[in-house]
Amino acid sequence: MAEEKGLTRAKQIYNQRDKRARELKAEGKKIIGYMCIYPPLEMITALDLVPFRIFGDINEPITKADSCLPTIVCPFLRSSIDLGMKGKYDFLEGLAGAHACDVAEKWCHLWNYYIDPPFHHFIDYPHVVHKASLEYLKSGMNDFTKSLEKYAGKELSQEHLKEEIKAHNAQRALVRELYDLRKPDPPLISGTETLQVLIALMSIPLEEGSELLREVIKEVKQRKDGPQKKAARLLIWGSPIDNVALVEMIESLDANVVMDDTCVGSRHYWPDVEITADPLDGMAHRYLDGLKCPRTFRETTQSYQEDLELRFGYIKEYARDWNVNGVILESIKFCDTHGYEVPSLKDYLDSIGLPNMYLEHEYTMVALAPLRTRVQAFLEMIG
Amino acid sequence: MVTEQKRAINRLESRKLLRPMLDAMYDSGGEAAKAGKPVAWCMVNFWEGDPILRAMDVTAIYPENYGTVCAAMGAAQEYLGRSEGEGFPTHLCGYARNCFGYTSKMVELGDTPPAAPLGGMAKPTFMLSSGAFCDARYKWFQALRRYWDVPLWVLEMPHPGIHEIAMEGALDYTIKYVVAELREFVAFLERLLGKKMDWDRLHQLLDSQEKVFEVWGAANELRKSTPCPMHARDFWTMMVPAYYMAAMPGTLEAYQAVYDEVKSRVDAGIGSVANEKYRLGFAELPPWHSLDFFNDLAERGWNFVTESPGYHPPPLSKMERVSDPLERIARLIFENFMGDMMGAGVEGERGAGMAQLYLKMAREYKVDGMLFHPLLSCRTATFYLTHAADVLLERGRVPSFLMQGDIVDLTVFDPTRALSEAEAFEETMDHYRELRKKEGLGW
C-alpha cells in the first residue's frame, strides 16, 4: 500500500502521534520531549536529536497525577504528566524544559522526579525584556547547549547552529505560507485541518515536517473541496489547544476559524530567528522578545491605551490580514497568564471594534459540549 | 471568683513587644499618602525591593496582605463580586481579585471606599510587581493598569533549576543578572522620584535586616529541642515584623528578647505545649481566622515545631560577604530561596528540591507528621504540597494531613471536621513512628 501524503498523512500522524517517534527510537534515534514553545529546538535538532512536543489528552481521565499534583493547577499540565506517569511517553529519552509559566516551571521539575528521563535540562526565562535579561537567557541557552552536547557526545559549532536555524526558519516560512491559504474567503484550508498539520509537525523530525508542509500546501492549492464560505471568520486566542475538538465544534457552526494566536498555532512559528554573528543573540531575542505569549511582561508606557497597543497590536494586524470579524478568547481553567489578560484584551478588541467572547473550559471532552450554545449565540451576534 | 482559663499553648511573653510595630506598619501607608510622600503598591518583597524602597523614602503598601485583612474583616466578598463583574476569571488568585474589586470601587468613587478595612489602601504613586514565585505577582499589577495610570516596574527574580544552577559559572551569571536588574530598578526610582539613592543608608538597612534575621533564625534553630520551646502560633505572630520592620528602631532588641526567652525555656526544659506527644510541621499560611484550632490540638499534645522553609530567614552564615549592596541583596535571595535546594541538586536529588527541603526539615526537627494547608486559590503555595507529602512518606516515613483552606474564602476551612480528622491522624503518626524506628531513621 502506498504511503499516504499531505492532509491524509497529517491526520494519520495527528491520530497516532507517537508512531513515528517509536519507529525512530527503534532505529536508534533519541527523542527529546519538550513542553511549550520556549525550549530552543534548533539546538536539539542540530545535535541529531528529535524534538517531540508533549501534550495532554482531553479524552483520558487523570488518575496517576493526583499523587503529585493538586486539582487546582492547569489541567493540561496535569494531563500531560499523568500520561508520562502511565508510560505513554516512554519513548522519550529526555525533557527539554523551560520557564514558560510558573506552573510549567514546576511541572518540569516534577517530570524529572516522577519520570526520571536520562536527559533533563531546564532553561529559566526571565519575565521581562531588558538588555540584561537577554544576556541572562543567552547564558542559559549556552548551558542548555553544553548539556545537550554532553548527552549527545558531540560538539555543536556556531556555523552548524546557524545552518540549523536556517532550516527551522524555512519550516516557519512554510507554516506561514500555509496560513496564507486561510486568507481567501472561503479559506482554502480549515482551522481543524491546520491544527492537525501543526500537531503532526510537532511529532516528527524537522525535515519530514517540512516535506509534509510542502505536500499539504500543494494539495490544498489544487483541491476543489475545501471549506465553504461562512458568515464568521474567527481568530482564536488563548491557551494551548492540543485537540481539534474545540475548533471542530466552532467550524460545525456558521464559522471558519481562519487565524489563531495560540502556542499550538501561530505563536510556535512566528517570528524567525535572525541569524546573528553569535547565533545565541538571535536565538535569545526571538525566544524572549519575539514570542507573543502573555507570560512575557511588556514594558508599560505613558497610557493604558498605549500599553494595549504594545501588547496586542499584532492581533489587529492578524485581524486585518486574515479579514477576521470575531475573536474567541479561549482559556483552560486555572491558566493564570491568560486569565489575567482577559479584561485588557477585551478592552483592546472593543476599542478596535472587533466582537469577542471569552470561553473557559476544563480540558475535557465533556466540558466542551456546553460551550457550543455560547459560541452559537456569539455567532448570531456578529452574523 | 473568676479564674483565667489556662491555654494549652504556652505563648512567649516577648511576642507582645512586636504588636505595636505591626500596628505602626499598617498605619504607615495612609500616613505617608496624607503627608504627600511617595507610596508604592508592592508585591510582598522583603528580600529584594523593600530595603531599596526604604532607602529612597518610599512607603510600601502590600495588596496581598490587604487581601488577608479584607477576608478576615468580611469585606472581601463584595470586592470578589466586583472583580467578576469586571471580567476577571474567578479562578485567579483570591488576593488579586480582592484587589481588582477594591480598586475598581476606589476609581469609581474617586476616593478610598468609606467602608474599606483599616482605612483602605491609598492611591499609589507607582506599582512594584515581582517576577518571584507566581505569575500572578506581575500579571496582577499589569492588569491594574486598567485603573491606575501610574508607572509599573517588575522586579525580576530568576528561577533556575537546581541542577542547572550547579553548572560551572551559572551562579555567577545569575547573580550578575539580579544585580543588573536591581541597578535598573534603582535608576527607575531615581528618575521617578527625582532624587539619588542613598547608598550608605541602604547599607545600614541591610545591616539591620541581617542582624534581625540572624537572631530570629537562631531562635527558630532552638525549636529543634525536645520539648519544642516555641509554638507555630508565636512564629506566625512574629514572622511579619521580622521581614518588614527589621530596619526599624527597637526591632533587633525585641527579637533578642524573643531569643533570650526561647533559650531560657530550652535550658529549663520547658515546652510550648505541656505534654508534647506529637511534633508537627506546618506548611503554608495558617487559617488566620481559626487559630484557636491549634489550642484544641495542643490539648491533645500536638506541638507545632516548624513551618514552611520559605517563611524562615536564610542561614546568613553561609552567605558570601560582598561590599556592593545590590550584590548583597542578590546573594541573600539565593541563600533564602535556593541555598539548600542547590545543595540537594549537587548531591544528585531529582526534582525541584522543595520536597527535599521538607524532608530535611522533618529530619532536623524530628517531626512526626506534617499538617499541610493547601490554599484553594493560591496555586503556587499549593503546587508542591501533594508532591512533598509523597516524598515525606516514601523517604522519611513521615505522614501528612491535608486540611483544605483558602486565602480569602474563609468558609473552605472547617475546624470541626479538621479536628475530627486530626484525631484519626494520631494513629497514623503512631504507626509511622514505629516504622521509622524499625528502619533506623533516627527519630
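Convention: sequence-line order gives letters A, B, ...; per-chain numbering from 1.
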Novice: Please flag which part of B:Pro160 lies under 4.5 Å from any non-hydrogen atom of chain A: side chain, backbone, both or neither.
Specialist: both
Novice: Is the shortest side-chain heavy-atom distance between A:Tyr340 and B:Cys93 below 4.5 Å?
Specialist: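 They are in contact (side-chain heavy atoms under 4.5 Å apart), so the answer is yes.
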Novice: Please identify, among B:Ser129, B:Gly169, B:Gly131, the residue contributing the most non-hydrogen atom pairs under 4.5 Å to chain A.
Specialist: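 It is B:Gly131.
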Novice: Checking side chain to side chain contact (heavy atoms under 4.5 Å, CB included) for the pair A:Tyr136/B:Thr174: CA distance, chi angles, key distance, verdict?
Specialist: CA-CA 7 Å; A:Tyr136 173 68; B:Thr174 307; 3.7 Å; yes
Novice: Determine whether more than 12 heavy atoms belonging to other residues, nucleotides or ligands lie under 6.0 Å from atom CD of A:Glu155.
Specialist: no
Novice: Can you tell which part of B:Trp148 gets under 4.5 Å to a heavy atom of chain A, answering side chain, backbone, both or neither?
Specialist: neither
Novice: Quick one: does B:Glu156's side chain get under 4.5 Å of A:Phe297's, heavy atoms only?
Specialist: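 Result no, sub-4.5 Å side-chain heavy-atom pair not found.
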Novice: Where on B:Leu155 is there a heavy atom nearer than 4.5 Å to chain A: the side chain, the backbone, both, or neither?
Specialist: neither
Novice: Can you check whether B:Val391 reaches A:Tyr113 side chain to side chain, under 4.5 Å on heavy atoms?
Specialist: yes
Novice: Enter the distance from B:Arg145:CZ to A:Tyr304:OH here, rounded to the nearest 0.5 Å.
Specialist: 9.5 Å
Novice: Quick check against the 3.5 Å criterion: does B:Lys139 have a side-chain atom that pairs as donor or acceptor with the backbone of A:Pro294?
Specialist: yes
Novice: Examine whether an atom of B:Phe133 lies under 4.5 Å from a heavy atom of chain A, and if so say whether it belongs to the side chain, the backbone or both; otherwise answer neither.
Specialist: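 For B:Phe133, the backbone is the part near chain A, not the side chain.
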Novice: Does one side chain, of A:His130 or B:Glu184, offer a donor that lies under 3.5 Å from an acceptor on the other?
Specialist: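 No, because no side-chain N or O of A:His130 sits under 3.5 Å from a partner of the opposite role on B:Glu184.
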Novice: Any idea which of A:Thr71, A:Asp307, A:Ile123 has the most non-hydrogen atom pairs under 4.5 angstrom with chain B?
Specialist: A:Asp307
Novice: Any non-hydrogen side-chain atom of B:His387 less than 4.5 Å from a side-chain atom of A:Tyr114?
Specialist: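 Side chain of B:His387 against side chain of A:Tyr114, heavy atoms only: contact under 4.5 Å found.
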Novice: For atom NZ of A:Lys138, decide whether the heavy atoms of other residues, nucleotides or ligands shown that lie under 6.0 angstrom number more than 12.
Specialist: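 Yes.
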Novice: For A:His109 and B:Gly161, which heavy atoms make the closest approach, and how far apart are they?
Specialist: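 Answer, listing the atom of A:His109 first, then B:Gly161: CE1-CA, 3.9 Å.
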Novice: Which one, A:Arg295, A:Lys346, A:Lys146, leads in non-hydrogen pairs under 4.5 Å with chain B?
Specialist: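 Of the options given, most contacts go to A:Arg295.
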Novice: Give the intermediate values and the outcome of side chain to side chain contact (heavy atoms under 4.5 Å, CB included) for residues A:Leu110 and B:Tyr384.
Specialist: CA-CA 9 Å; A:Leu110 285 191; B:Tyr384 278 129; 4.0 Å; yes
Novice: Check B:His159 against A:Phe122 and note the closest heavy-atom contact, atom names and distance.
Specialist: O-CE2, 3.2 Å
Novice: Flag the one option from A:Ser331, A:Ser303, A:Ser344 with the top tally of heavy-atom pairs under 4.5 Å to chain B.
Specialist: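 Among the listed options, the one with the most contacts to chain B is A:Ser303.
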Novice: Could you tell me whether B:Arg379 and A:Asp336 have a side-chain N and a carboxylate O separated by less than 4.0 Å?
Specialist: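 So B:Arg379 pairs with A:Asp336 through a salt bridge.
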Novice: For B:Met354 and A:Lys106: C-alpha separation, side-chain torsions, deciding distance, then whether side chain to side chain contact (heavy atoms under 4.5 Å, CB included) applies.
Specialist: CA-CA 10 Å; B:Met354 184 53 80; A:Lys106 294 179 169 69; over 6 Å; no
Novice: Looking at side-chain heavy atoms only, is the closest gap between B:Tyr177 and A:Glu135 below 4.5 Å?
Specialist: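 No, their side chains stay 4.5 Å or more apart.
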Novice: Picking from A:Gln305, A:Lys333, A:Lys131, A:Glu299, which has the most non-hydrogen pairs under 4.5 angstrom with chain B?
Specialist: A:Lys333
Novice: Check whether more than 12 heavy atoms from other residues, nucleotides or ligands sit under 6.0 Å from atom NZ of B:Lys105, and answer yes or no.
Specialist: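 Atom NZ in B:Lys105 is packed in, count exceeds 12.
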Novice: Would you compute the distance between atom CZ of B:Arg137 and atom CG of A:Asp102 and round it to the nearest 0.5 angstrom?
Specialist: 10.5 Å
Novice: Non-hydrogen atoms of chain B under 4.5 Å away: do they reach the side chain of A:His99, the backbone, both or neither?
Specialist: side chain
Novice: Between A:Asn142 and chain B, with a heavy-atom cut-off of 4.5 Å, which part of the residue counts as in contact: side chain, backbone, both or neither?
Specialist: neither
Novice: Could you look at A:Tyr358 and say if it's the side chain, the backbone, both or neither that has a heavy atom under 4.5 Å from chain B?
Specialist: side chain
Novice: Can you tell which part of B:Leu376 gets under 4.5 Å to a heavy atom of chain A, answering side chain, backbone, both or neither?
Specialist: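 For B:Leu376, backbone and side chain are both near chain A.
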Novice: Can you check whether B:Arg146 reaches A:Asp347 side chain to side chain, under 4.5 Å on heavy atoms?
Specialist: yes
Novice: Heavy atoms only, distances under 4.5 angstrom: which of A:Cys335, A:Ser147, A:Ser139 has the most pairs with chain B? Name it, please.
Specialist: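 The option with the most such pairs is A:Ser139.
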Novice: Looking at chain A, which one of B:Cys378, B:Ala143, B:Pro158 has the largest number of heavy-atom pairs inside 4.5 Å, strictly under?
Specialist: B:Pro158
Novice: Using only heavy-atom distances, determine whether the side chains of B:Tyr173 and A:Asp143 contain a donor-acceptor pair under 3.5 Å.
Specialist: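 Side-chain D/A pair, B:Tyr173 to A:Asp143: present.
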Novice: Let's test your reading of the structure: which of A:Glu105, A:His120, A:His121 forms the most heavy-atom pairs below 4.5 Å with chain B?
Specialist: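 Max contact count across the listed options: A:His121.
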Novice: So, taking the atom named CD1 in A:Ile72 and the one named CG in B:Leu375, what distance separates them when rounded to the nearest 0.5 Å?
Specialist: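 Between A:Ile72 CD1 and B:Leu375 CG, I get 8.0 Å after rounding to 0.5 Å.
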Novice: Could you tell me which portion of A:Val73 (side chain, backbone, both or neither) has an atom closer than 4.5 angstrom to a non-hydrogen atom of chain B?
Specialist: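 Backbone plus side chain of A:Val73, per the 4.5 Å heavy-atom cut-off to chain B.
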Novice: Taking atom types as modelled and ignoring hydrogens, do the side chains of B:Asp135 and A:Thr337 form a donor-acceptor contact shorter than 3.5 angstrom?
Specialist: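 No - no donor-acceptor pair under 3.5 Å links their side chains.
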Novice: Quick check on the interface: out of B:Gln142, B:Met167, B:Glu181, who has the most heavy-atom pairs with chain A under 4.5 Å?
Specialist: B:Gln142
Novice: Are any non-hydrogen side-chain atoms of A:Leu69 and B:Phe383 less than 4.5 angstrom apart?
Specialist: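 When only atoms from C-beta onward are counted, B:Phe383 and A:Leu69 do touch, with a gap below 4.5 Å.
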